[in-house]
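Take a look at the structure set out below.
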Number of protein chains: 2
Amino acid sequence: MDRVQLQNDVFSYFNRLGDEIDWRALTTPIEVHLIAKTQYLFRQGECVDRWYFLHSGLVRYVSVSDEGKEFTQTLVKGPKIIGSTRSMVTTSPVLFGIQALEDSVITSYNWAEFYQQMRHDKVFLECYLLFLETIFIAKEERESTFVKDSAERRYLDFCVAYPELKDQIPQQYIASYIGITPVALSRIRQKLKLGHRP
Amino acid sequence: MDRVQLQNDVFSYFNRLGDEIDWRALTTPIEVHLIAKTQYLFRQGECVDRWYFLHSGLVRYVSVSDEGKEFTQTLVKGPKIIGSTRSMVTTSPVLFGIQALEDSVITSYNWAEFYQQMRHDKVFLECYLLFLETIFIAKEERESTFVKDSAERRYLDFCVAYPELKDQIPQQYIASYIGITPVALSRIRQKLKLGHRP
DNA sequence: TTGTGGAATTAACCTAGGTTAATTCCATCG
DNA sequence: CGATGGAATTAACCTAGGTTAATTCCACAA
């Protein structure tokens with residue numbers, strides 16, 4: 001795995017968001033993580049001070065309630081920025097773990113150093129701002145579906161939004177992503193199947 | 001209402017987030033909105049290209065589903081930044097309206113001009129970034145309560161998080177904020193009351 | 001003082017989704 | 001090939017919260 005190549009992947013992903021960023025200030029070493037399917041990048045409760053980039057593969061953000069129930073907050077397919085803004089910024093334990101659903105190539109920087117070195121670059125700040133806006137907007141839209149829509153509606157929306165994941169990941173993760181149990185999802189699928197017969 | 005004073009309120013709120021921002025580039029005129037209790041600053045579906053600041057008062061973000069059901073996304077007490085990042089950034093219709101629950105003093109700038117004039121200021125960008133991180137983190141935490149916690153738990157949490165609002169705003173808005181009907185909230189309160197009798 | 005209208009409560013009933021557990025399906029391994 | 005174990009399905013039952021509607025409570029206006 002070529003470290004320099006990976007670093008360039010990160011740069012070009014960022015640059016795609018806007019003008020060219022001047023990366024010369026960045027000297028913090030990049031670290032490479034190869035995470036096999038079902039393995040965790042980090043787990044809920046850890047203090048994560050690194051900034052991650054998923055080059056290839058697929059991960060889910062999973063949080064577990066006190067009663068031991070799993071909830072999939074997000075599904076992310078590379079190449080994308082991943083990790084917990086919250087934990088980095090507030091230096092508090094992450095509210096979710098990140099688990100690979102496919103073998104994944106991930107790199108990371110120490111967030112404090114990364115940010116310290118790049119915060120002087122206006123273009124970088126603008127890009128990062130754009131990124132934050134994007135993930136915020138996604139959360140905002142997702143929030144409303146939980147309150148307004150039925151589980152069936154959420155499942156149908158999921159199938160439209162992630163047609164390729166629909167058959168690629170275990171159904172239980174889809175259920176957990178739309179906030180219901182696998183049993184309930186199975187019931188919904190059954191109902192939909194019947195509905196399609198004329 | 002002194003326009004210059006209000007503008008200074010906005011500046012000092014922002015400056016409090018970090019280093020001193022150089023506001024000299026900002027020439028876009030500020031606009032003042034006096035919104036009476038129950039009135040709307042803007043309604044769901046409008047295209048909002050302005051950046052708002054709530055100086056004093058209390059507002060709720062309310063979105064209405066296709067079936068006409070109201071849901072209160074957020075409650076904000078001034079002084080705070082309010083409005084829809086999503087609508088400004090994507091120039092799409094807002095997903096919620098903003099309604100005053102108390103008489104409120106609000107000012108605004110044209111977002112495109114505001115951002116155009118301030119994006120060259122690194123300190124401003126950093127502060128805005130901090131703001132985005134903050135609201136994102138809040139959304140992230142709120143998301144998990146909807147999936148993991150019962151309505152009763154959410155109500156109790158609300159009472160702890162907003163002790164002053166608990167008796168200040170109509171109960172139906174609290175219900176709508178925690179994602180249930182007023183009837184269900186009343187039932188929960190009843191149950192809690194009984195529980196407190198020894 | 002008495003209306004009047006919106007907010008909250010209460011009760012009766014209904015439904016989506018949770019829970020538990022048995023059953024069936026596969027994919028993988030020996 | 002058959003055995004094994006996790007994933008999905010199905011069925012039976014339960015519960016939190018929704019729905020509707022009647023009732024009570026108040027704040028405020030006349």
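B:Lys148 places its NZ atom 16 Å from the P atom of C:dG18, with the value rounded to the nearest Å. Taking atom CD of residue A:Glu152 and atom P of nucleotide C:dA16, one finds them 9 Å apart after rounding to whole Å. Whole-Å rounding puts the A:Lys191 NZ to D:dA8 C1' distance at 19 Å. In this structure, B:Lys193 atom NZ and C:dA8 atom P are separated by 13 Å, rounded to whole Å. Rounded to an integer number of Å, the gap from CD of B:Gln171 to P of D:dC26 is 13 Å. Rounding to whole angstrom units, CG of residue A:Leu192 and C1' of D:dA8 are separated by 16 Å. Remark: C1' of D:dC25 and CD of B:Gln172 are 15 Å apart, rounded to the nearest angstrom. Rounded to whole angstrom, the span from the CD1 atom of A:Ile188 across to the P atom of D:dA11 amounts to 16 Å.
At a threshold of 4.0 Å, the pair A:Arg86-B:Glu133 does not count as salt-bridged, since none of the basic side-chain nitrogens sits closer than that to a carboxylate oxygen. The pair A:Lys148-A:Glu143 fails the salt-bridge criterion, with no side-chain N (NZ, NE, NH1 or NH2) lying under 4.0 Å from an Asp/Glu carboxylate O.
Closest contact between the side chain of A:Ala184 and the listed nucleotides D:dG17, C:dG17, C:dA8 involves C:dG17. Distance from the side chain of B:Gln190 is smallest for C:dT10 among the nucleotides C:dT10, C:dG18, C:dT9. Here the nucleotide nearest the side chain of B:Arg187, chosen from D:dT19, D:dA8, D:dA12, is D:dT19. The side chain of A:Ser150 lies closest to C:dG17, out of D:dT20, D:dG17, C:dG17. Listed candidates were D:dG17, C:dG18, D:dT19. Nearest to the side chain of A:Ile180 is C:dG18.
Between B:Lys69 and D:dG17 there is no side-chain N or O to OP1 or OP2 distance below 4.0 Å. Taking only side-chain nitrogens and oxygens, B:Thr181 never comes nearer than 4.0 Å to OP1 or OP2 of D:dG17.
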Please step through salt bridge (Lys or Arg N to Asp or Glu O under 4.0 Å) for the pair A:Lys191 and A:Glu152, ending with a clear verdict.
-> CA-CA 9 Å; A:Lys191 196 182 133 217; A:Glu152 182 179 324; 2.4 Å; yes
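For the ring pair (Phe, Tyr, Trp, His ring centres under 6.0 Å) with A:Tyr109, the lone residue among A:Tyr115, A:Phe114, A:Tyr52 that qualifies is A:Phe114. Results of the side chain to side chain donor-acceptor pair (under 3.5 Å) test with A:Thr107 over A:His55, A:Gln7, A:His33 single out A:His55 as the only residue that passes.
Contacts of B:Pro170 with the nucleic acid, taken as non-hydrogen atoms under 4.0 Å apart, involve only primed sugar atoms and P, OP1 or OP2.
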